[in-house]
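Step one of this worksheet: look at the structure below.
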Amino acid sequence: MLARLIVALRFLIVPAWIAGAIWVSFSLPSIFGAEANDLGSLLPKNSKAIEVEEKGIEVFGLPVLSRTMVVAHQPGDFTVEEAKAAARFIAEVDEVPERRAELRAVPLLDAPGLLESKRLGSTLVVYLYVDPALTENEQTEAVNGFASELQQATSAETVHVTGAVPASRAETNIANHNLLWVTAATIALVVLILALYFRSVGIPLLGLGTVAIAYQVTDHVLGWASERYAISIPREVDPVIVALLFGVLTDYLVFFASDYRRHLQEGLTSCQAVTEVTTELLPVISTAALMIAGATLTLLLSGVRFLSAFGPGMAVAVVVGAAVALTFIPAMLAIFGRILLWPSRPDPETRGAHPKEQGPRGRVVGFAAHHPAIVSIFCLVLLLAAASGLRKLELGNPIISGLPRSTDVRQGYEVASDTLGPGVVGPTMLMLQEPGIGEKQQQLAALQLALGEQNGVAEVIGPVLEPQGEHPYGILVSDDGSAARYVLVLSADPDGAEGTRTLAELEGEMPTMLEESGLGSAEVGMTGDTSIAAELNGDTWSAFERVTPAALFVLLFLLWALLRSRIAPLYLVGVSVLTVAAALGLTVYVFQDLLGYGELAFFVPIATAILLLALGADYNVFLISRIWSEAERQDLRPAIRTAGSRAARAITVAGMILALSFAAVALIPIDAFRELAFALSVGLLLDTLLVRTLLIPAMVSLFGRD
């Protein structure tokens, strides 16, 4: 009934979608065009580290940690005159009311500024505290102006702005800049593959038109939702949404056009063929879209703000894409019909003596159906071998070190890392509170010495550096003497896996060090980028434990509802889980072992798992529904060979397009994007070439339709 209605209203549906896409483009804001990024989305909820940091500001009156810093460097050590010039410049900045209102500057290392250092060194690191009330452009202008004036004052050869905040902005700019290249590469791949597969001009054009409409509607609906409900959509999701739209919509187009061509070859008229294929695919595509949207929406349960914002963006994209695919594509096929297939002719194999099920694909599927145990064991062994890489999986959030080396932020990180240790761009603060602790100079010095001897700690700035007398600085010992704090510079990337391991070991040794130093009764708190990264990693693992069962339940429920089978949904979802494990295991082998990355970005495993589970279910629905339909006319194993071989070609083409769409995301030169692109592409190729072609037909043959 609905299929007939879509065909009957075809001359209204097509202009309605085109007009709607144009209207939202001019009436609603764009999410892909937004430049702001929400660094707060990377902060854990109910963070103990944030509480300690805020308490430190309350107790001491000023922070000691910063997410923005300037790194000045000389090939040789700074001279005494240059160091004094730096100190005068920083003091002048603090003395000018207008400048003081914009930012505060604190040199903690290698400079004779606020904290006297025993050596000048070749690198000056200045931590900046920028007024958060300033706009993003005003903050950037203030920081860059400070860096430029510092370079003039010190005659430093290079000056770089680095830190988590500049890194987040750089990541946004790089992603936005390269999004055009991702889109262009995806368009070229989609057009080429569709043109070769259908041997036509019209089908690739229809694919581009469908994606263009869905892209515009999704972009502006998300932009409206972001503005209307103050929803923060992380910039990392933009390229994924683009790839998802291209891949999923092209998949649906392949399914529609392939079946439409087959029905034409069977002798149906154009409108009859469109009605028939729409009737067949409406429940399949609707269920598949619900699976993807439902699975991605389970990220709302994660409790991690970044991941909670990731899910709705992808769910909206899939729902919009499915709505366009189920109406615009059949309406266009009904209007233009055979013209869209020009200049191709009906494939002789479909009506001659060489049906597809007798070709190579048919023989492969037939072998899997007739030797299910052997094929299943072979496929499972391969997947388990790939999944073994998960044993070495490490998570982190290397927001600075994951940027291209050509960026100013990364260069500043490299300079600081080479001379002072990577942890200088994200130091850890240890705060002790106890009445009168500021007077325990000997005990505080003993603790500082013990901290400096810990593995992975490159340098310690502690209360012993602060002068005693009438005018103490009040930075490391509070004015009332009830609190003291240390700044620890780790020898590893503060946002990486090694840094979080060092912090965990340090926290484990802390009670012993405090007791031995005579400070065992003090209240202890630790904070900093490494503490936040550790909490974020822990929250991500907890999110995985919550989200995965919910996503599996959604997929199982919808598969049971569509397939009306008790056993099939279990082994279909089970195989999808194993495919996800294999894809992530291979990603670990490539990026952590082969390329030497210390970890994967914290969101890559869970985003990969949810997307691959959902997209794998998409192909499950298409393949199994065909086998079930064919099994009504013949025995199961011949039905597997017939339906599997016919569906496998469309699934292979669709899977290749989707895999290449996600592979195009790797054009963004940021480590996290490349990890995600690799994991999704490899997972989809495994799903398409191994699982759907061999393993699923074999398991259907083993378990039947129960």
Side-chain angles (χ1 to χ4, degrees), residues 38 40-51 229 231-234 236-237 240-241 244 289-319 387 390-391 393-397 497 500 504 531-561 569-570 572-585 587-588 599-618 672 675-676 679-680 683:
D38 182 15
S41 67
L42 295 176
L43 300 179
K45 287 185 177 180
N46 304 317
S47 169
K48 184 177 180 181
I50 298 298
E51 290 179 6
Y229 299 104
I231 300 173
S232 174
I233 306 294
E236 284 82 355
V237 82
V240 179
I241 288 178
L244 188 63
L290 284 174
M291 287 180 177
I292 300 175
T296 54
L297 280 176
T298 59
L299 289 171
L300 290 170
L301 304 174
S302 67
V304 180
R305 282 178 285 187
F306 178 89
L307 295 173
S308 296
F310 206 98
M314 293 187 289
V316 169
V318 170
V319 170
L390 284 176
R391 294 176 295 114
L393 174 63
E394 298 278 4
L395 295 183
N397 183 33
T500 55
S531 298
I532 292 172
E535 289 182 340
L536 192 58
N537 290 346
D539 287 355
T540 301
W541 284 117
S542 298
F544 194 85
E545 294 173 357
R546 287 192 297 271
V547 168
T548 302
L552 293 177
F553 174 79
V554 169
L555 298 179
L556 286 170
F557 176 79
L558 291 173
L559 282 172
W560 268 318
L570 295 175
L572 290 174
V573 172
V575 168
S576 293
V577 170
L578 185 55
T579 304
V580 169
L584 290 175
T587 304
V588 170
E599 61 282 311
L600 299 185
F602 75 96
F603 66 88
V604 168
I606 190 168
T608 298
I610 296 301
L611 279 172
L612 287 182
L613 283 174
L615 294 170
D618 190 353
E675 293 163 6
L676 185 63
L680 289 171

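- Rounding to the nearest 0.5 angstrom, the gap separating the OG1 atom in Thr298 from the CD1 atom in Ile610 is 4.0 Å.
- One finds the CG atom of Leu393 at 4.5 Å from the CH2 atom of Trp541 (value rounded to the nearest 0.5 Å).
- In terms of the salt bridge (Lys or Arg N to Asp or Glu O under 4.0 Å) criterion, Glu51 has no residue partners (sequence neighbours excluded).
- Side-chain contact between Met314 and Leu299 is present, with at least one heavy-atom pair separated by less than 4.5 Å.
- The minimum heavy-atom distance linking Val318 with Ala289 is given by the pair CG1-O, 3.6 Å.
- Ile292 CD1 to Leu615 CG: the interatomic distance, rounded to the nearest 0.5 Å, is 4.5 Å.
- Atom CG of Leu676 and atom OG1 of Thr608 lie 4.5 Å apart (nearest 0.5 Å).
- Under the 3.5 Å distance criterion, the side-chain polar atoms of Glu535 are left unmatched by any main-chain donor or acceptor of Ser47.
- Leu612 approaches Ala583 most closely through the heavy-atom pair CD1-CB, 3.8 Å.
- Across Ala672 and Val604, no two heavy atoms sit closer than the pair O-CG2, 3.9 Å.
- Here CG of Leu613 is found 11.5 Å from CE of Met291. Values are rounded to the nearest 0.5 Å.
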Let me have the donor-acceptor pairs involving side chains of residues 546-555, under 3.5 Å, with sequence neighbours excluded, atom names and distances please.
unit_1 : atom_1 : unit_2 : atom_2 : d
Arg546 : NE     : Leu301 : O      : 3.0
Arg546 : NH2    : Ser302 : O      : 2.1
Thr548 : OG1    : Phe544 : O      : 2.8

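- The shortest non-hydrogen separation linking Leu584 to Ala679 is CD2-CB, 4.4 Å.
- Taking CZ of Phe602 as the reference point, atom CG of Leu536 lies at 4.5 Å (rounded to 0.5 Å).
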*Given the rule in the side chain to side chain contact (heavy atoms under 4.5 Å, CB included) test, do Thr500 and Leu395 qualify, once you have shown the distances and angles that lead to the verdict?*
CA-CA 9 Å; Thr500 55; Leu395 295 183; over 6 Å; no
*Could you walk me through whether Leu244 and Leu611 pass the side chain to side chain contact (heavy atoms under 4.5 Å, CB included) check?*
CA-CA 9 Å; Leu244 188 63; Leu611 279 172; 4.2 Å; yes
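- Residues Pro569 and Leu556 approach most closely at O-CD2, 3.3 Å, considering heavy atoms.
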